[in-house]
Amino acid sequence: MTTATSYMLEVKDIHATIGESEDLTQILKGINLSVKAGEVHAIMGPNGSGKSTLSKVIAGHPDFKVSKGEVLFNGENILELEADERSRKGIFLGFQYPVEIPGVNNAEFLRMAYNQRRKAEGKEEADPLDFEEILDSKMKALDMDSRYKERSINEGFSGGEKKRNEILQMAILDPALAILDETDSGLDVDALKVVAGGINRLRGPGKAIVLITHYQRLLDYVQPDVVHVLSGGRIVKTGGKDLALEVEKQGYDWLVK
Amino acid sequence: MSDTQAIETKAAVPRFMRTVPAPLLTPALEEAIPKWIADGPVALEGVREAAASALRLTGLPHSGSEDFSFVRTGEFLPHLGPPAAAALARLAGGLPSRSDIERQLVTEARESYLVLVDGVFVPELSKPGPDFQVARLDTVLPALSRETRDAFIEMVAGETDAAAAMAVLFAAEPVHIRVAANAAPASPLLILHFSSGSSHRTDAALFYQGDTLSESRILVRHAVMARAQEHPPEAGSKATGSMQNAHTLALLGEGASLKFMEAGPLQAQSFDSEADAAGPQAAVTAKAIHFGKLTVRLLRDSRLLAVSAHTGSRLTRNSFSVDLSGEGAEAEVNGATVLTGSRQSHNFVRIRHLVPRCVSRQQFKSVAADQSRSSVDGTIYVAPAAQQTNAYQLINNLMLSDEARADSKPRLMIHADDVKCSHGATAGKLDPAQQFYLESRGLPPSQARALMTVAFIAEVLEKSGKTGEGFRDGLDHALLDSLKNRLPAESANRPKGGLNG
Ligand SMILES: Nc1ncnc2c1ncn2[C@@H]1O[C@H](COP(=O)(O)OP(=O)(O)OP(=O)(O)O)[C@@H](O)[C@H]1O
Ligand SMILES: [Mg+2]
């Protein structure tokens with residue numbers, strides 16, 4: 001699909017706002033970001049700088065309006081596509097705050113999502129038993145108890161369990177591009193290792209991963225190729241993995257001022 | 001039709017003259033009743049007299065009837081006349097085919113079902129299983145204990161709902177179902193109400209008797225016979241579609257338990273233009289009027305769980321009347337309604353706590369899409385003697401369109417002081433954050449919305465518990481289907497102001 005030199009994700013001069021007229025707030029003020037297949041990028045930045053907003057704009061959240069710029073996925077401008085269409089093209093967003101959906105069974109939802117993905121790829125729906133097997137193996141790899149299958153999506157899940165469930169969904173959908181918004185926060189040491197393992201399993205030549213994080217901790221397990229610092233709706237610094245170490249040591253002040 | 005004219009005359013009486021509503025019947029009805037009772041089986045005389053007296057007291061509904069505050073009486077009044085000519089001829093509309101029946105069977109009740117056609121019990125198509133004693137009421141009534149007979153007749157005589165009184169009065173062959181003391185049938189009894197569509201109204205009456213410490217489950221489904229479409233409505237009838245009018249009375253003995261699950265018309269289509277695409281059955285169902293009533297009297301320590309679920313019709317009205325008449329009795333009445341197109345569904349609930357230490361719970365969830373209308377009108381009455389009553393009622397409405405309408409009227413009438421009673425009503429829309437979450441995993445907006453909608457009512461359906469599982473699966477599918485293509489194509493990506501749970 002893509003040649004080795006072309007980008008999987010290109011965010012070009014994205015300006016995004018939320019709200020209407022008087023309440024309109026400019027959050028993203030010209031973001032540029034290019035990610036190649038096979039790469040892992042990390043995005044760091046102070047609270048409220050616009051990291052989650054960027055991830056939602058790429059995933060197609062309706063609350064944010066793009067006033068300027070483009071988002072290309074494998075060369076195609078996806079801003080006109082609905083969130084579900086973007087997902088079926090292979091974009092995955094791991095939420096900073098996964099939503100609880102009481103009454104919707106977790107396993108059933110995963111099967112529906114999986115089948116939608118297959119349909120988009122021109123494949124037949126998976127046999128429910130085959131899917132069960134896939135699900136069981138992915139859950140096992142993430143050290144998840146099978147009772148999570150019976151539960152409603154994220155309902156009553158602890159913070160860490162929710163994050164693990166996000167990674168499970170990612171593993172099932174096997175996206176080309178995974179944007180993981182603070183998937184590491186709220187995880188204990190063991191859970192962090194498990195989740196990092198899940199992320200590393202996705203890693204590969206055809207895959208791109210964008211990790212939004214506040215901590216170096218995750219980056220010890222999932223080594224990034226590029227690190228960006230986002231502040232005030234702009235990317236203020238881009239560097240190698242050392243940049244993350246520097247941020248950890250010195251904070252953001254030296255970059256922002 | 002003469003009865004329609006009479007009703008129109010009555011409606012013309014100015015309001016102030018009707019401060020005490022005149023319990024009016026139409027001349028045609030007045031004329032038909034004595035003849036109907038005299039010509040019927042002798043054994044049924046008492047029951048029919050009781051129903052007739054209730055009907056005379058109640059009168060036909062009019063625009064001011066409390067029982068129909070959310071229902072336009074003009075929609076169904078033309079159906080409330082004497083029984084139709086077709087209904088008088090037993091099974092004139094023919095019988096359902098084997099495949100009609102097969103389609104309705106649920107796994108857990110394949111060996112235990114009753115078939116009624118236009119309200120008439122058809123033993124040769126039924127298979128009640130060993131633990132449910134099923135017979136025409138007239139054949140068993142003389143043999144029932146005096147107590148039981150009196151209780152049933154009292155329940156009939158106390159009826160305040162005209163349509164329900166009519167169901168008992170005009171049901172050609174009321175059916176009696178009995179579960180003996182201490183018996184606990186292994187499978188539920190499935191009651192299939194088939195409509196042939198050949199009559200402007202069909203009346204059905206079921207008398208359930210759960211003896212001391214009996215324990216049983218009843219599933220009720222309403223269906224239309226495939227050949228129903230061949231029968232045009234009776235000549236001269238002003239009514240479009242037909243009215244199915246069914247009344248179930250249950251008498252629960254000491255310590256008896258009954259789980260009663262009813263699926264009203266469940267079809268994956270909308271009333272009107274799309275109906276044709278969904279097939280003739282769908283078209284008939286959509287046009288139909290369904291009136292259902294469940295009247296239960298609970299004796300000491302008995303238990304009732306009722307779950308009613310449906311997708312509405314041109315007009316559906318479900319009425320529940322529950323008397324907690326023995327200490328320690330518990331009743332739970334739940335409803336789930338999913339409406340699309342211009343369908344309507346109205347629930348009317350009256351729970352009466354007559355003695356101390358009883359518990360009642362109600363939860364009604366309604367989903368209203370398109371231009372549909374739903375209502376829940378529920379009253380909990382606590383008699384002065386009914387101390388230590390514990391009662392609650394919850395009504396939740398999910399609005400999927402701005403043109404849909406849902407009315408809630410929860411009410412408490414408490415005449416005792418040592419009670420715990422609560423009620424509440426909510427109305428909301430789908431949560432856009434949940435919708436985005438589902439869509440971000442690749443589910444199209446319509447599927448996401450259907451899933452959330454089913455989740456909304458799942459809480460009620462789940463009350464049918466393990467026993468209703470197969471039944472519930474069928475419901476889930478019907479509800480999902482009815483929604484999938486019907487939900488407004490509103491996507492999370494196209495924000496509309498004010499979406500908030
Ligand atoms: N729905 C919203 N309504 C109003 N303001 C919003 C909304 N969503 C985000 N914002 C604002 O946009 C800014 C960026 O928020 P965003 O969530 O993208 O920050 P972040 O970088 O992810 O922060 P954190 O590290 O705390 O997760 C913040 O000032 C926030 O208050
Ligand atoms: Mg954030």
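Owing to the predicted nature of the structure, the values given are computational and were not obtained by experimental measurement. Throughout, a chain's letter reflects where its sequence line sits, starting with A, and its residues are numbered from 1.
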| Top of Arg117(A), Lys119(A), Gln116(A), Lys56(A) for chain B proximity - count of heavy-atom pairs under 4.5 angstrom | Gln116(A)

| message | Just verifying a value: how many Å separate Leu443(B) CG and Met112(A) CE, rounded to the nearest 0.5 Å? | response | 7.0 Å

| Neighbour count >12 (heavy atoms, 6.0 Å) for atom CG, Asp136(A) | yes

| field | Glu20(A), CD: over 12 other non-hydrogen atoms inside 6.0 angstrom | value | no

| request: Specify the closest pair of heavy atoms between Ser87(A) and Gly442(B), including all atoms of both residues, with the distance to one decimal. | output: OG-N, 3.0 Å

| request: Count the heavy atoms belonging to other residues, nucleotides or ligands that lie under 6.0 Å from NZ of Lys89(A), then report whether that count exceeds 12. | output: no

| task | Determine whether Tyr97(A) and Tyr437(B) make a side-chain contact, defined as any pair of heavy atoms from C-beta on separated by less than 4.5 Å. | result | no

| task | Answer yes or no: is there a donor N or O on one side and an acceptor on the other, between the side chain of Arg441(B) and the main chain of Ala113(A), under 3.5 Å? | result | no

| said: Need one label for Asn154(A): side chain, backbone, both or neither, based on atoms under 4.5 Å from any heavy atom in chain B. | reply: side chain

| message | Minimum heavy-atom separation for Ala455(B) and Pro102(A), please, with both atom names. | response | CB-O, 3.4 Å

| field | Exceeds 12 heavy-atom contacts within 6.0 angstrom, atom CD of Glu124(A) | value | no

| Pro175(A), part contacting chain B, at a heavy-atom distance under 4.5 Å | neither

| field | Interatomic spacing from OG in Ser440(B) to CD in Gln169(A) - rounded to 0.5 Å | value | 7.5 Å

| said: Is any side-chain heavy atom of Glu82(A) closer than 4.5 Å to one of Pro444(B)? | reply: no

| remark: The interface call for Ile153(A) against chain B, heavy-atom contacts under 4.5 Å, is side chain

| query | So what's closer than 4.5 Å to chain B heavy atoms on Leu173(A): side chain, backbone, both or neither? | reply | side chain

| query | Contact part of Gln434(B) toward chain A, heavy-atom cut-off under 4.5 Å: side chain, backbone, both or neither? | reply | both

| For the student: nearest non-hydrogen atoms of Asp84(A) and Pro445(B), plus distance | OD2-CD, 3.5 Å

| said: Less than 4.5 Å to any heavy atom of chain B: does that hold for the side chain of Glu100(A), its backbone, both, or neither? | reply: backbone

| field | Separation of Phe109(A) CZ from Leu451(B) CG (nearest 0.5 Å) | value | 8.0 Å

